[in-house]
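All residue numbers refer to positions in the sequence shown, counting from 1.
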Amino acid sequence: MTTTRGGLRGWLAGRGKALSGLRFTSLRLRLVVVFALVALTAAVSASGIAYWLNREAVLTRTQDAVLRDFQQEMRNRAGTLPVHPTQDQLQHIAGQMANSSQRFSVLLVGEDAGGRAVYGTSGGLSGFALEDVPLSLRTAVNKQQPVDSGNKSPYHLYWQRVTEHGTPYLVAGTRIIGGGPTGYLLKSLEPEAKDLNSLAWSLGVATALALVGAALLAQAAATTVLKPVHRLGIAARRLGEGRLDTRLRVSGTDELADLSRTFNKAAEALEKRVADMAARDEASRRFVADMSHELRTPLTAITAVTEVLEEELEFEGGGFDPMIEPAVRLVVSETRRLNDLVENLMEVTRFDAGTARLVLDDVDIADQITACIDARAWLDAVELDAERGLHARLDPRRLDVILANLIGNALKHGGSPVRVSVREEGGAGSGDSVESGGGGESPEPGWIVIQVRDHGPGIPEDVLPHVFDRFYKASASRPRSEGSGLGLSIALNNAHIHGGDITAANSPEGGAVFTLRLPRDASALTERPAEDDGDDSTSGGRAKSGGTDQGPKGGAR
């Protein structure tokens, strides 16, 4: 059943791609349709005109020949009859007239000596009869016209085409001038109709062939015209994917060749511009990295001195002059802040250079959050809603960085209490731990969702899209904050390197909510089991501030 469904889905997908290529918005289809419509219009018009001209020519030629022969027979044979002929005489003359070269039926109508109407027909009693002649034609034939300079004959020859039982006929009649019988003829036009039907079929076939030929010609023309456009589309797609060395082959001097040249010039300019920007960006990153490394050496010495000063401040009777004690405390706090800033800058350069690596371990999420809160003395200000036993394979140091930034940001710029809740989505149960080491089985796919919510005023709507931007300042009146402005950006990068994400929103009940989603097993995203360099290590029992900015995002809130 699975195979059948898979085959059906594949067939439907193939059909969908084929039909999408034939959508009416396709330039190729529109060209074919326009060519076909033009060819159809021209072929139908030409065929219609040709059919009409041939039809008139065939019918007129046949009709003129029949009428001419009928007039000749009326003069030569019916004209020899007496004014009051008998039926036998009429019958005899009608038979002779019907034997002419045109082979038509003849009906002669006269009056005998007693004034009675007598008839003679070439087909016998069941042949051509007076009822077969339309009344309008009989009236016109028997009507006497006035003779004058413009009309020298009181009677004329009249004809009419009629159709009976699907067969066309020519009916005509005239009278003998000076007295005598009235003659009518009936000529079948079926042979001519068959010839015209054959002509119509031939023209229809020719029209169909012309339509097919026009479609093929349109297809060939569309291929010729659209092939450069197709190549241009592929080149533009490759350019959009970052392959800036893409160029088009230019041939000819037409508009498409000019378009290809323009594209090549634009691609060359874009490649040069991107190369310049990349070089400047690399130089900027190298400058930040070098500067951070150069600052670490004097900062190490300064930090050691400030730690001694801090111990002296905390020692009763440290001996500091009360006038200089605030300055000493300011030096201690600013030195610590400067040390945090340097560590954060080094962490940012690792992310930008792509050298940041994961050191994965089996982590109990509840224990990790508890350790993060306890190390920073936040136990009284943070409520934790997490069940123990929910394990994930993550980098514990980077998870600590994320948690410290989110919780510290909520404490400083939100409202107490800060609530941290943990749940899992789409994976194994909370009691299923992830095996660490190479011998364990791969865990079921799933996600760990950690929410950090405060009870403050929330984040302004215009600030929400920028809370993870580096050094973003929500207010120009607060250009300086206790944090470096990199904390949430580093937290987001640490989530991304795990294959997760962080989102910020405002809760309907008030306060801001940061939602962290991490995979239960990030080992599939680890390129190699490499250890971080010494700069990423932690010192002592407390997480270093490298990558951990507990302050706000540069006053974003």
Side-chain angles (χ1 to χ4, degrees), residues 48-79 81 85 87 90-111 117-148 150-200:
I49 294 172
Y51 177 79
W52 181 79
L53 292 176
N54 280 275
R55 178 178 180 275
E56 290 301 317
V58 169
L59 293 179
T60 301
R61 184 174 60 251
T62 302
Q63 175 180 294
D64 290 346
V66 171
L67 294 179
R68 192 166 48 248
D69 194 26
F70 178 66
Q71 281 184 315
Q72 187 68 29
E73 292 295 326
M74 285 292 291
R75 282 195 298 266
N76 295 338
R77 298 187 185 276
L81 291 171
Q87 184 173 1
L90 293 177
Q91 193 75 27
H92 177 69
I93 294 300
Q96 289 181 343
M97 292 174 63
N99 290 328
S100 67
S101 60
Q102 295 298 325
R103 295 294 179 181
F104 44 74
S105 299
V106 178
L107 171 65
L108 296 176
V109 181
E111 291 184 358
V118 291
Y119 304 92
T121 178
S122 60
L125 296 178
S126 60
F128 183 29
L130 189 60
E131 290 78 10
D132 298 328
V133 180
L135 180 59
S136 58
L137 181 63
R138 283 182 279 166
T139 303
V141 168
N142 292 319
K143 184 176 181 181
Q144 186 175 358
Q145 302 293 333
V147 178
D148 53 27
N151 181 30
K152 299 180 180 181
S153 176
Y155 298 103
H156 296 275
L157 174 65
Y158 294 94
W159 58 270
Q160 185 176 346
R161 294 174 193 159
V162 297
T163 302
E164 291 185 4
H165 307 294
T167 303
Y169 292 94
L170 174 65
V171 182
T174 186
R175 291 192 65 171
I176 298 296
I177 300 175
T182 301
Y184 298 98
L185 74 86
L186 181 67
K187 170 66 176 178
S188 174
L189 300 177
E190 186 174 4
E192 287 74 15
K194 290 181 178 180
D195 293 341
L196 292 174
N197 288 336
S198 299
L199 177 63

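- For Asn197, the side-chain contact (heavy atoms from CB on, under 4.5 Å) test picks out no residue, with sequence neighbours left out.
- Side chains of Leu186 and Phe104 form no contact here, defined as non-hydrogen atoms less than 4.5 Å apart.
- Within the 4.5 Å cutoff, no side-chain heavy atoms of Val141 are placed close to those of Thr139.
- Of the inter-residue distances, the one linking Met74 atom CE with Leu108 atom CG reads 6.0 Å to the nearest 0.5 angstrom.
- Every pair passing side-chain hydrogen bond (donor to acceptor under 3.5 Å, both in side chains) that includes a residue from residues 171-193 is listed here, sequence neighbours excluded: Thr62-Glu192, Arg175-Thr182.
- In this structure, the side chains of Leu90 and Leu81 come closer than 4.5 Å at one or more pairs of heavy atoms.
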Can you give the donor-acceptor pairs under 3.5 Å from side chains of residues 127-134 to other protein atoms, not counting sequence neighbours?
unit_1 : atom_1 : unit_2 : atom_2 : d
Asp132 : OD2    : Ala129 : N      : 3.2

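- In this structure Arg61 satisfies the side-chain contact (heavy atoms from CB on, under 4.5 Å) test together with Val58, sequence neighbours excluded.
- Here Arg75 pairs with Gln71, Gln72 under the side-chain contact (heavy atoms from CB on, under 4.5 Å) rule; sequence neighbours left out.
- Counting only heavy atoms from C-beta outward, the side chains of Ser153 and Val147 never approach each other to under 4.5 Å.
- Applying the side-chain hydrogen bond (donor to acceptor under 3.5 Å, both in side chains) criterion to Arg161, with sequence neighbours excluded, gives Gln63.
- Annotation: side chain of Trp159 is not in contact with side chain of Val66 (no heavy-atom distance under 4.5 Å).
- In terms of the side-chain contact (heavy atoms from CB on, under 4.5 Å) criterion, residue partners of Ala98 (sequence neighbours excluded) are, by chain and number, Val106, Ser122.
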